[in-house]
Each structure stands twice: as structure tokens, then as C-alpha cells.
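Taking it in order: structure first as C-alpha cells, then the write-up.
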Amino acid sequence: MVTDERQQTGLRIERNVLKVLKGLAEYLDMSLGDLVEGIALHAFEGKAPFSPETLGKIEQLKEVYGLTLTAADAHLLEEK
């Protein structure tokens with residue numbers, strides 16, 4: 001096991017993205033923080049963070065929570 005020191009942080013994130021992430025964390029039986037860490041660590045190494053099965057679950061969650069944003073929208077969002 002790797003030991004680490006975690007830091008509490010606050011971040012702003014689009015609400016439907018957050019709902020999908022929370023739903024996915026629940027589905028995978030892990031904390032939201034662990035999920036985000038895993039996604040970031042995979043991205044830092046240029047690796048895909050999700051299996052085809054998990055991607056299917058993400059698509060279901062996107063439908064449930066009305067998430068229509070895509071990666072193309074990532075740096076174009078503006079606050080209301």
C-alpha cells in the first residue's frame with residue numbers, strides 16, 4: 001500500500017458533471033475523491049481511466065442526469 005498525505009480542497013464544477021461523478025463513485029463503491037484522483041493519475045500518464053463496461057455506465061448516468069456537455073465544451077463554459 002502506498003501512503004500519502006491528502007489535502008482538503010474546494011472546487012467548482014458543473015452540476016451535472018458532479019452528479020455523474022457522484023453516481024459513478026457510488027456505482028464503483030468508492031469515494032468521490034478517490035475517483036477524481038484515479039481519473040487524474042490515469043490522465044497524467046496518458047492512460048484511459050475507464051473500462052468499456054464503466055463507460056457504458058457513464059453513458060447511462062449522463063442520460064439520467066441530463067449531462068450533454070462534451071470534452072469540446074471543457075474550456076468554453078461560463079458562469080451564469
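Below, each value reflects all heavy atoms present in this structure, side chains not excepted, and no hydrogens, waters or symmetry copies. Positions are given from 1 along the sequence.
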Asn16 versus Gly66, closest heavy-atom pair with distance: ND2-O, 3.6 Å
Should we say atom CG of Asp73 is surrounded by more than 12 heavy atoms from elsewhere, each under 6.0 Å from it? yes
Taking a hydrophobic cluster as the set of Ile, Leu, Val, Met, Phe, Trp and Tyr residues connected by side-chain heavy atoms closer than 4.5 Å, whether directly or through intermediates, do Leu41 and Leu24 fall within one such cluster? no
Out of curiosity, does Leu69 fall in the hydrophobic cluster containing Leu11 (side-chain heavy atoms, cut-off under 4.5 Å, transitive links)? yes
Verdict with reasoning, Asp34 to Arg6, per side chain to side chain contact (heavy atoms under 4.5 Å, CB included): CA-CA 11 Å; Asp34 285 345; Arg6 290 207 162 111; 3.1 Å; yes
Between Leu32 and Leu18, is a side chain to side chain contact (heavy atoms under 4.5 Å, CB included) present by the stated rule, with each step listed? CA-CA 9 Å; Leu32 179 59; Leu18 180 59; 3.8 Å; yes
How many angstroms lie between atom CG of Leu21 and atom CD1 of Ile58, to the nearest 0.5 angstrom? 8.5 Å
Exactly one candidate in Glu59, Lys19, Arg15, Glu14 meets side chain to side chain contact (heavy atoms under 4.5 Å, CB included) with Leu67; the answer is Glu14
When clusters are formed by joining ILVMFWY residues with side-chain heavy atoms under 4.5 Å apart, either directly or through shared neighbours, do Leu77 and Ile13 land in the same one? yes
So CG of Leu35 and NZ of Lys22: to nearest 0.5 Å the spacing works out to 12.5 Å
Give me each pair satisfying side chain to side chain donor-acceptor pair (under 3.5 Å) with a member in residues 40-50, each pair once, sequence neighbours excluded. Glu45-Lys47
Pro49 and Ile39 have their tightest heavy-atom pair at CB-CA, 4.1 Å
Counting only heavy atoms from other residues, nucleotides and ligands, does the tally under 6.0 Å from CD of Glu63 exceed 12? no
